[in-house]
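Worth saying up front: this structure is predicted, and the values here are computed from it rather than measured.
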Amino acid sequence: MEELKTTVEIPDTGQLQSIYSMQFDALQDWLKEQGEPTFRATQIFEWLYQKRVTEFEQMSNLSKDLRGKLSKSFVLTTLKIVTRQVSSDGTVKFLFELHDGYSIETVVMRHDYGNSVCVTTQVGCRLGCTFCASTLGGLKRNLEAGEIVAQVLESQRAMDEVQERVSSVVVMGIGEPFDNYEELVPFLKTVNHDKGLNIGARHITVSTSGVVPKIYKFADEKMQINFAISLHAPTTEIRSKLMPVNRAWPLPKLMESIRYYIEKTGRRVTFEYGLFGGVNDQEEHAEQLADLIKDLKCHVNLIPVNYVLERDYVRTPRDQIFAFEEVLKNRNINVTIRREQGHDIDAACGQLRAKERKEETR
C-alpha cells in the first residue's frame, strides 16, 4: 500500500453547512457578523441540544429575522431511519439515510452505568481491514461534523422515549476517525461543550486503526478524551495481513506515536485486540503482545469478534479466549474481555449497511 494521504475532502453537494457543525465560539462570531448579540448563541445551543428542535422556526425566543438568517445560512441536519434493530440485551442499531442517499450506522448500547452511542465518521472506509464489513465498497465520502453530531442527537431522541440520557460516546463506527480529522475535532468539542451535549471528556472515546501523523496531532490537542488503538496483532507480519494501514505506517512507527501520546498527555491508551481463530489468538501471540506493550501505560480490551458473512474469519473458542487473557494477566498487563452486545442482530460494524444497502458496498 502506498503512503496514505492524511485528509479526505468532503465532496461539495451544494448543501448548506449543518448548524451542528458550528462550534459555540464560531456561532458567536457568526452572530456578530450578522449584527446580532452574542448571547443568542446560548439560546440557539439550548434549542439545538437541550430541546432538540428539528426546525429553526421552533426557536420561539429568537426574532423572526434571526430565524430567517439561520434558515438561509444553515441546515438542521436530519437523519432518516431506514432500519432500526433492537437486540434482546437492549442494544439498538440504526441504519440512517443521509441527505444524498448514502447510509450510515449508529449503535446505542445499554449498560448498568448508562447508555453509550457508537457513531460513524465516514460513508464506508478506505483502509481495507480484512475482517471488517465497513470497508466493503470502499470510501464514498467523509461526514460533516454536524452529521456526526446528528447521530448522537437521534440516539438521544430514542432515549427520550424512555426518559433516559446518552451518557457516553464512542467513535468506533463505520470509517477511520483520523481519516476525517478536521471534522472529528469539531464534533468532539461540540458534544463535550457544557452548552452543547455536555458529555464529559472522560466519557468520550476515539479509536484509530493507526493513522500515525494524526496520532501526533491528537496528542498535541491535549484533550482529556479516552484514546483507543485498534491493534489486533502483536507483530508487523500479522498486522499487515489483517490491516493494510500497517503497510503505510508499520507497527514500530505506530508504537513510537503511542509513546509520544502517553508522554504528552499522561493518559492511558486502550489497545483493542480482536481475536480471530487460528490467526492471532494463540498463547504465543499473547506473549508477543505482552512484550510489545509491557512498558506502556495501557489497557487491553480483548474482543470476541462477531461473524461477518462477507469475511472469512472464525470466532476464537471461549476457553482459548480465557487462556489468552490469563497469559496477559500473568505478565501484569491490564486486560478485560469485552462484554458481547447485539449478538442477535447485525451488530458487527458495517454489517447492517452491507445487508440493507448492497449497492453501496459492492
Quiz item: Cluster question for you: counting only ILVMFWY and a side-chain heavy-atom cut-off of under 4.5 Å, with indirect links fine, are Leu79 and Val53 together?
Solution: yes

Self-check item: Verdict with reasoning, Ser116 to His111, per side chain to side chain donor-acceptor pair (under 3.5 Å)
Solution: CA-CA 8 Å; Ser116 178; His111 307 282; 4.5 Å; no

Self-check item: No-hydrogen, no-angle side-chain donor-acceptor test under 3.5 Å, Ser73 and Gln17
Solution: no

Quiz item: Which distance, rounded to the nearest 0.5 Å, do you find between the CD of Gln151 and the OG1 of Thr77?
Solution: 10.5 Å

Self-check item: Any Met255 side-chain heavy atom under 4.5 Å of Ile293 side chain
Solution: yes

Quiz item: So do the side chains of Tyr181 and Lys217 get within less than 4.5 Å of each other, counting heavy atoms only?
Solution: yes

Self-check item: His203 side chain near Ser167 side chain, heavy-atom distance below 4.5 Å
Solution: no

Practice problem: Return yes if some donor-acceptor pair links the side-chain N/O of Gln58 with the main-chain N/O of Lys51 below 3.5 Å, else return no. | Solution: no

Practice problem: Measure the shortest side-chain to side-chain distance between Arg239 and Asn280 over non-hydrogen atoms and say whether it is less than 4.5 angstrom. | Solution: no

Quiz prompt | Any pair counted as salt bridge (charged side-chain N to carboxylate O under 4.0 Å, His left out), so long as it reaches residues 52-74, sequence neighbours left out | solution = Glu36-Lys69, Arg52-Asp160, Glu57-Arg67, Asp65-Lys69

Quiz item: Under a 4.0 Å N-O cut-off, is there an ion pair linking Glu147 with Arg141?
Solution: yes

Practice problem: Tell me yes or no: between the side chains of Glu164 and Asn115, is some donor less than 3.5 Å from an acceptor? | Solution: yes

Quiz item: Under 3.5 Å, side chain of Thr130 to main-chain N/O of Leu242, donor-acceptor pair present?
Solution: yes

Exercise. Please confirm whether Phe271 and His232 have ring centers closer than 6.0 angstrom.
Key: no

Quiz item: What is the distance from atom CD of Glu154 to atom CZ of Arg84, rounded to the nearest 0.5 Å?
Solution: 10.5 Å

Quiz prompt | Whether His193 side chain and Lys195 backbone form a donor-acceptor pair below 3.5 Å | solution = yes

Quiz item: Are any side-chain N or O atoms of Arg338 and backbone N or O atoms of Asn301, one a donor and one an acceptor, separated by less than 3.5 Å?
Solution: no

Quiz prompt | Glu144 side-chain N/O to Ser18 backbone N/O, donor-acceptor pair under 3.5 Å | solution = yes

Quiz item: Is Asn192 reaching over with its side chain to a backbone N or O of Ile199, donor-acceptor style, under 3.5 angstrom?
Solution: yes

Practice problem: With side-chain contact (heavy atoms from CB on, under 4.5 Å) as the test, would you mind laying out the steps for Gln122 and Leu143 before giving the verdict? | Solution: CA-CA 5 Å; Gln122 297 179 301; Leu143 295 187; 5.5 Å; no

Quiz prompt | Side-chain (Ser230) to main-chain (Ser209) donor-acceptor, under 3.5 angstrom | solution = no

Quiz item: Are the side chains of Val171 and Phe187 in touch, meaning some heavy atoms are under 4.5 Å apart?
Solution: yes

Quiz item: If you measure from CG on Leu188 to CD1 on Ile204, what distance do you get to the nearest 0.5 Å?
Solution: 6.0 Å

Quiz item: Are Leu197 and Val152 close enough, and set up right, to give a side-chain contact (heavy atoms from CB on, under 4.5 Å), and what steps lead you there?
Solution: CA-CA 9 Å; Leu197 286 162; Val152 184; 3.7 Å; yes

Self-check item: Aromatic ring proximity, centroids under 6.0 angstrom, Tyr20 and Phe74
Solution: no

Exercise. For Met223 and Phe218, run side-chain contact (heavy atoms from CB on, under 4.5 Å): C-alpha distance rounded to whole Å, both residues' side-chain angles, the deciding distance at 0.1 Å, then the answer.
Key: CA-CA 8 Å; Met223 302 173 84; Phe218 190 65; 4.0 Å; yes

Practice problem: State plainly whether the residues Asp89 and Arg110 are in salt-bridge range, i.e. N to O under 4.0 Å. | Solution: no

Practice problem: Compare every heavy atom of Met22 with every heavy atom of Trp30, then report the nearest pair and how far apart it is. | Solution: CB-CE, 3.9 Å

Quiz prompt | Test item: Ser63 side-chain N/O and Leu66 main-chain N/O as donor-acceptor pair under 3.5 Å | solution = yes

Quiz item: What is the minimum heavy-atom distance between Gly175 and Thr121, and which atoms define it?
Solution: C-OG1, 3.9 Å

Quiz item: Do Ile303 and Tyr273 touch side chain to side chain, with heavy atoms closer than 4.5 Å?
Solution: no

Quiz prompt | Passing candidate, side chain to side chain contact (heavy atoms under 4.5 Å, CB included) with Leu231, options Val300, Asn246, Leu251, Val269 | solution = Leu251

Quiz item: Once you round to the nearest 0.5 Å, how far does CZ of Arg165 lie from CD of Gln163?
Solution: 15.0 Å

Self-check item: Distance in Å, Asn61 CG paired with Trp47 CH2, rounded so as to fall on 0.5 Å steps
Solution: 5.5 Å

Quiz item: Salt bridge between Glu325 and Lys329, side-chain N to carboxylate O under 4.0 Å?
Solution: yes

Quiz item: Can you tell me how far CG of Leu153 sits from CG of Leu48, rounded to the nearest 0.5 angstrom?
Solution: 8.0 Å

Exercise. Let me see the working for Thr38 and Gln28 under side chain to side chain donor-acceptor pair (under 3.5 Å), right down to the final yes or no.
Key: CA-CA 5 Å; Thr38 56; Gln28 287 182 316; 4.5 Å; no

Practice problem: Could you label the plane-to-plane angle of the Tyr260 and Tyr216 rings as parallel, tilted or perpendicular, counting under 30° as parallel and over 60° as perpendicular? | Solution: tilted

Quiz item: Taking it one step at a time, do Arg268 and Asn226 satisfy side chain to side chain donor-acceptor pair (under 3.5 Å)?
Solution: CA-CA 8 Å; Arg268 185 180 76 168; Asn226 301 318; over 6 Å; no

Exercise. Fit a plane to each ring of Phe227 and Phe178, take the angle between them on a 0 to 90° scale, and name the class: parallel (under 30°), tilted (30 to 60°) or perpendicular (over 60°).
Key: parallel

Quiz item: With side chains defined as the heavy atoms from C-beta onward, is the minimum distance between Val75 and Ile19 less than 4.5 Å?
Solution: no

Practice problem: Report yes or no: is the cationic atom of Lys253 (NZ for Lys, CZ for Arg) under 6.0 Å from the centre of the six-membered ring of Trp249, at an angle within 45° of the ring normal? | Solution: no

Quiz item: Aromatic rings Phe94 and Phe96: how do their planes relate, parallel, tilted or perpendicular, breaks at 30° and 60°?
Solution: parallel

Practice problem: Apply side-chain contact (heavy atoms from CB on, under 4.5 Å) to the pair Cys125 and Leu139, showing each step before the final yes or no. | Solution: CA-CA 4 Å; Cys125 182; Leu139 176 66; 5.7 Å; no

Quiz item: Counting distance only, does the side-chain N/O of Thr120 pair as donor-acceptor with the main-chain N or O of Ile174 below 3.5 Å?
Solution: yes

Practice problem: Heavy atoms only: give me the nearest Ser240-Arg247 pair and the separation to one decimal. | Solution: O-NH2, 3.2 Å

Quiz item: Would a distance-only check, ignoring hydrogens and angles, find a side-chain to backbone donor-acceptor pair under 3.5 Å from Gln224 to Ala201?
Solution: no

Quiz item: Which heavy-atom pair separates Ser21 from Gly146 by the least distance, and what is that distance?
Solution: OG-N, 2.7 Å

Quiz item: Is Ile238 linked to Val327 within one hydrophobic cluster, defined over Ile, Leu, Val, Met, Phe, Trp and Tyr using a side-chain heavy-atom separation of less than 4.5 Å?
Solution: no

Quiz item: Is there a donor-acceptor contact under 3.5 Å linking the side chains of Tyr113 and Ser168?
Solution: no

Quiz item: Can you name the nearest heavy-atom pair linking Leu16 to Ser71, along with the distance?
Solution: CD1-O, 3.8 Å

Practice problem: Please assess Arg259 against Asp295 for the test salt bridge (charged side-chain N to carboxylate O under 4.0 Å, His left out), listing each intermediate value before the final yes or no. | Solution: CA-CA 10 Å; Arg259 286 187 174 87; Asp295 60 339; 3.4 Å; yes

Quiz item: Is any side-chain heavy atom of Asp220 closer than 4.5 Å to a side-chain heavy atom of Lys264?
Solution: yes

Self-check item: Non-hydrogen atoms of Gly210 and Leu254 that approach each other most closely
Solution: CA-CD1, 3.8 Å

